[in-house]
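Take a look at the structure set out below.
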Amino acid sequence: ARGYSMKCPSCAKTILVPITPYENGCVVGDFEIETKLGRGSIGTVYMANQISLRRVVALKILSQQYTNSKGISDFLKEARAAARLSHQNLVQALAVGEEDGVCYMAMTYLSGETVKAKVEREKMIPVDEALHIIQQVAEALYYAWDEAKLIHRDVKPDNIMISEGGIV
């Protein structure tokens, strides 16, 4: 529904041109964007459909300000390192790529809520549950460092998801 209409110069059909390249229905690589999930320090995350495998993913797109040779190189290097990791408390990296200056990484889409949303909703998390959350986060961070020397750099309540099954 967002965009402007124009006539196709080839077929004269009226089409809707999106305002940005990341509106609902826009395609980046093998992914069709559905909706924006959130914005982080280096990019924006969207719910998207992977066209080839017909699955829902979380698609992180690198912000324009980091789309230079060093930013793209660092993003791709870190995404490829993350893709080699497999741990129940880490979101799995599924694909990474760069197309027309747009750098993206597809990850497992999780349904659930962030720790921030949980705190806002419940106002307080019981100590034993908070310790359980912290333990799972610590295990994931340790594993990422131990296996690939990766440092998260942005650990905060909005970046910690709790799945519907209670896995952090």
Side-chain angles (χ1 to χ4, degrees), residues 20-22 28-31 33-50 53 55-168:
T20 73
Y22 312 118
V28 175
D30 186 28
F31 305 93
I33 292 174
E34 268 191 35
T35 149
K36 182 177 174 179
L37 297 173
R39 184 165 183 76
S41 58
I42 64 160
T44 305
V45 180
Y46 299 89
M47 179 193 296
N49 288 302
Q50 186 172 14
L53 296 176
R55 65 178 168 186
V56 177
V57 300
L59 186 68
K60 179 187 270 185
I61 297 179
L62 187 64
S63 294
Q64 193 66 37
Q65 71 192 63
Y66 297 105
T67 309
N68 53 48
S69 60
K70 181 177 176 3
I72 290 172
S73 173
D74 289 350
F75 182 80
L76 293 175
K77 181 180 170 186
E78 202 158 310
R80 288 178 180 131
R84 291 190 301 271
L85 300 176
S86 181
H87 188 277
Q88 77 169 0
N89 299 116
L90 291 174
V91 174
Q92 185 68 51
L94 304 172
V96 64
E98 190 254 332
E99 178 180 79
D100 299 327
V102 175
C103 225
Y104 60 86
M105 177 173 54
M107 303 166 285
T108 306
Y109 173 79
L110 296 175
S111 54
E113 67 179 339
T114 64
V115 169
K116 180 181 180 180
K118 183 176 182 67
V119 169
E120 287 173 352
R121 183 175 50 77
E122 295 182 5
K123 305 297 181 223
M124 188 175 80
I125 299 176
V127 172
D128 59 336
E129 187 178 350
L131 289 172
H132 187 63
I133 291 168
I134 291 166
Q135 178 184 1
Q136 291 182 69
V137 171
E139 288 173 5
L141 293 172
Y142 174 78
Y143 176 83
W145 173 254
D146 193 48
E147 292 294 315
K149 302 302 181 239
L150 282 178
I151 299 172
H152 190 287
R153 293 190 178 108
D154 199 18
V155 178
K156 59 185 180 186
D158 343 21
N159 288 345
I160 301 169
M161 290 287 298
I162 303 172
S163 73
E164 290 175 350
I167 303 293
V168 176

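Here, residue 1 is the first one in the sequence, and each next residue gets the next number. Fair warning: this is a prediction, and the values are worked out from it, not measured in the lab.
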A side-chain contact here means heavy atoms from C-beta on lying under 4.5 Å apart; do Thr114 and Ile160 qualify? no
Could you tell me whether the side chain of Ile61 reaches within less than 4.5 Å of the side chain of Ile33, counting heavy atoms only? yes
Under the rule for side-chain contact (heavy atoms from CB on, under 4.5 Å), what residues qualify as partners of [X], not counting sequence neighbours?
| X | result |
| --- | --- |
| Gln50 | Asp30, Phe31, Ser52, Leu53, Arg55, Val57 |
| Gln136 | Asn89, His132, Ile167, Val168 |
| Met107 | Ala58, Lys60, Val91, Met105 |

side-chain hydrogen bond (donor to acceptor under 3.5 Å, both in side chains) partners of [X], counting only residues at least two apart:
| X | value |
| --- | --- |
| Asn68 | none |
| Gln88 | none |
| Gln92 | none |
| Glu122 | Lys118 |

So how far is it from [X] [atom1] to [Y] [atom2], rounded to the nearest 0.5 Å?
| X | Y | atom1 | atom2 | value |
| --- | --- | --- | --- | --- |
| Glu120 | Asp158 | CD | CG | 8.5 Å |
| Ile134 | Leu141 | CD1 | CG | 11.5 Å |
| Glu147 | Leu90 | CD | CG | 10.5 Å |

List for me each residue that meets salt bridge (charged side-chain N to carboxylate O under 4.0 Å, His left out) alongside Glu113, sequence neighbours excluded, and say none if there are none. Arg121
Tell me every residue that passes salt bridge (charged side-chain N to carboxylate O under 4.0 Å, His left out) with Asp154, counting only those two or more places apart in sequence or in another chain. Lys156
Checking Tyr109 now: which residues fulfil ring pair (Phe, Tyr, Trp, His ring centres under 6.0 Å) with it, not counting sequence neighbours? none
If every non-hydrogen atom of Ser63 is compared with every non-hydrogen atom of Arg39, which pair is closest and at what distance? OG-NH2, 3.6 Å
Can you list every pair that meets ring pair (Phe, Tyr, Trp, His ring centres under 6.0 Å) and has a residue in residues 141-161, with sequence neighbours left out? His87-Tyr143
Side-chain donor-acceptor pairs of residues 70-79 under 3.5 Å, sequence neighbours excluded:
from, atom 1, to, atom 2, distance (Å)
Lys70, NZ, Asp74, OD2, 2.7

